[in-house]
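This structure is a prediction, so every number in the text was calculated from the model and none was measured. Atoms within a ligand are numbered from 1 in the order they appear, just like the ligands themselves.
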Amino acid sequence: MSNVLVTGGAGYIGSHACKALKAAGFTPVTYDNLVTGWKDSVKFGPFEQGELSDRSRLDAVFAQYQPVAVMHFAALSQVGEAMSEPGRYWRNNVEGSLTLIEAATAAGCLNFVFSSTCATYGEHDNVVLDEGTPQEPLNAYGASKRAVEDILRDFGAAYGLKSVIFRYFNVAGADPEGEVGEHHRPETHLIPVMLEAIDGKRPALTINGTDYDTPDGTCIRDYVHVMDLVDAHVLGLKWLQDGKESRVFNLGTGKGFSVREVIDASGAVTNREVPYSEGPRRAGDATKLVSGSTRAAAELGWTPDRSTMPQMIADAWRWHQNGHYEG
Ligand SMILES: NC(=O)c1ccc[n+]([C@@H]2O[C@H](COP(=O)([O-])OP(=O)(O)OC[C@H]3O[C@@H](n4cnc5c(N)ncnc54)[C@H](O)[C@@H]3O)[C@@H](O)[C@H]2O)c1
């Protein structure tokens, strides 16, 4: 079976990607330093503990497994942290990715799938965010991801590295079979934070800003189910294996939900009260991030049919109640 090197395979999205890769007939080899990931979530292939910046360790892993492709999820991804510790973000996400990209290229592994983000677009009032929208990130997290996109383009031109870059919108939900799920540390994502608040595991959810220029004053985001998202990655891998050109794809549904709408939907799905308070805006947050692209559907044949708000909340709630990681 063909090996795929999955950096960040012990994290939320990477672990779901490993499950999808295994189902598609690949062997996912997780490479992760467990800074925010969980050893317990590596269930679908071998685990190699290591740092993105450790070139000799990466060289040894490429030599041992001879992967046909890299799926690169490993990153630090908290906007608040990125605003207060930008150096850590540039070092981990950019220097680390550069080391990985150099190691892949040197090993002749020239198919590369990269987790980028809609945070690379920044704030664009009333503009449909498609892959041609100018990238003007508002924070060091988005800037670090845009920089890696640039590195991939340059390595494509110089060495023939082929990449599929996915710019995710907000990822939510969990494996419906409950083998893996979302468990960030610390958790800052709206839906799991809300579920923890509903369940009394944290005091209350704070809405970060209620004076945005949106119908109810709260930020609007586009949510995509993690299982749909990782299906796109398998399609992206096949795209590269078919010899197609490097390509950027947004992964979102085109539907925006305000924070208040997600709160209401969570109350309805769980049939519980959502405890929340209203706080000030958080630096680095855009008002509205909604995908306006149909490229992934048209070109990859991607159908995000699990990405309805009730389904994402129901799957996350099931994982929240039954699943957990210890190490
Ligand atoms: N979750 C979202 O909504 C979302 C949205 C847009 C983009 N993304 C991107 O998707 C990717 C995965 O996000 P996630 O939510 O699964 O995060 P996560 O924190 O659960 O997973 C990241 C994984 O990378 C590992 N890692 C980080 N730095 C590393 C390093 N230097 N060396 C080795 N391993 C390292 C962590 O231990 C962790 O297992 C990230 O690149 C993130 O920026 C996520």
Ring geometry between His233 and Phe166 (parallel below 30°, tilted from 30 to 60°, perpendicular above 60°): tilted
Proximity flag Gly96 to ligand 1, non-hydrogen atoms under 4.0 Å: no
Can you list, pair by pair, the side-chain donor-acceptor contacts under 3.5 Å of residues 192-199, counting residues two or more places apart and other chains?
residue, atom, partner, partner atom, Å
Glu196, OE1, Arg202, NE, 3.0
Glu196, OE1, Arg202, NH2, 2.9
Asp199, OD1, Arg272, NH2, 3.3
Asp199, OD2, Lys201, NZ, 3.3
Asp199, OD2, His320, NE2, 3.1

Options Leu76, Thr36, Leu58, ranked by nearest heavy atom to atom 38 (C) of ligand 1, top entry: Thr36
For atom 21 (O) of ligand 1, closest protein heavy-atom neighbour: Gly11 CA, 3.4 Å
Residue, atom name and distance, where the atom is the protein heavy atom closest to atom 20 (O) of ligand 1: Tyr12 N, 2.9 Å
Region of His184 engaging ligand 1 - heavy atom pairs below 4.0 Å: side chain
Within-cut-off N or O pair, Ile13 and ligand 1, under 3.5 Å: yes
Residue, atom name and distance, where the atom is the protein heavy atom closest to atom 24 (O) of ligand 1: Ala74 CA, 3.2 Å
Nearest-0.5 Å distance, OG1 of residue Thr218 to CD1 of residue Ile220: 7.0 Å
Ser116 near ligand 1 by a heavy-atom separation under 4.0 Å: yes
Subset of ligand 1 atoms that lie under 4.0 Å from at least one heavy atom of Gly37: 36 (C), 37 (O), 38 (C), 39 (O)
Candidate pair Asp54 and Tyr31, rule side-chain contact (heavy atoms from CB on, under 4.5 Å), full reasoning: CA-CA 11 Å; Asp54 187 344; Tyr31 186 87; 4.2 Å; yes
Heavy-atom donor-acceptor pair, Asp315 side chain to Pro176 backbone, under 3.5 Å: no
Sidechain-backbone polar pair: Arg295 side chain, Val248 backbone, donor-acceptor under 3.5 Å: yes
Expected output: side-chain Asp222 to main-chain Ser291 donor-acceptor under 3.5 Å: yes
From Val6, Val35, Thr120, Val224 - option closest to atom 27 (C) of ligand 1 by heavy atom: Val35
contact_flag Cys118 ligand 1 heavy-atom lt 4.0 Å: no
Test item, His189 contacting ligand 1 (heavy atom, 4.0 angstrom): yes
Residue, atom name and distance, where the atom is the protein heavy atom closest to atom 28 (N) of ligand 1: Asn92 ND2, 3.2 Å
Pair Glu48 + Arg57, salt bridge at N-O below 4.0 Å: yes
Identity and separation of the nearest protein heavy atom to atom 10 (O) of ligand 1: Tyr168 CE1, 3.3 Å
Candidate list Asp130, Thr133, Asn250, test side-chain hydrogen bond (donor to acceptor under 3.5 Å, both in side chains), partner Tyr121, passing option: Asn250
Numbering as shown, the atoms of ligand 1 that approach Ser77 to under 4.0 Å (heavy-atom distance): 42 (C), 43 (O)
Shortest protein contact, atom 32 (N) of ligand 1 (heavy atom only): Leu52 N, 3.0 Å
Closest to atom 37 (O) of ligand 1 among Ile191, Asp32, Val42 (heavy-atom distance): Asp32
Arg55/Asp59 ion pair, N-O < 4.0 Å: yes
Interfacing atoms of ligand 1 (cut-off 4.0 Å, heavy-atom, Lys145): 40 (C), 41 (O), 42 (C), 43 (O)
Option nearest atom 4 (C) of ligand 1 (shortest heavy-atom distance, choices Val226, Val171, Thr117): Val171
Per-atom contacts, ligand 1 versus Glu51 - under 4.0 Å to a heavy atom: 31 (N), 32 (N)
Identity and separation of the nearest protein heavy atom to atom 5 (C) of ligand 1: Phe169 O, 3.5 Å
His124 side-chain N/O to Pro134 backbone N/O, donor-acceptor pair under 3.5 Å: yes
Non-hydrogen side-chain atoms of Phe114 and Ser163 separated by less than 4.5 Å: no
Intermediate values then yes/no, side-chain contact (heavy atoms from CB on, under 4.5 Å), Met309 and Ile191: CA-CA 10 Å; Met309 187 51 73; Ile191 291 174; 4.2 Å; yes
Distance filter under 4.0 Å to Gly50 heavy atoms, resulting ligand 1 atoms: 32 (N), 33 (C)
Nearest non-hydrogen protein atom, atom 30 (C) of ligand 1: Asn33 ND2, 3.2 Å
Ligand 1 contact by Leu34, heavy-atom criterion under 4.0 angstrom: yes
N/O donor-acceptor pair under 3.5 Å between Asn93 side chain and Leu76 backbone: yes
Atoms of ligand 1, numbered as shown, that sit under 4.0 Å from any heavy atom of Tyr141: 6 (C), 7 (C), 8 (N), 9 (C), 42 (C), 43 (O)
Qualifying residue for side-chain hydrogen bond (donor to acceptor under 3.5 Å, both in side chains) with Ser116, from Glu149, Arg167, His72: Glu149
Shortest reach to atom 40 (C) of ligand 1 by a heavy atom, considering only Tyr223, Phe73, Trp38: Phe73
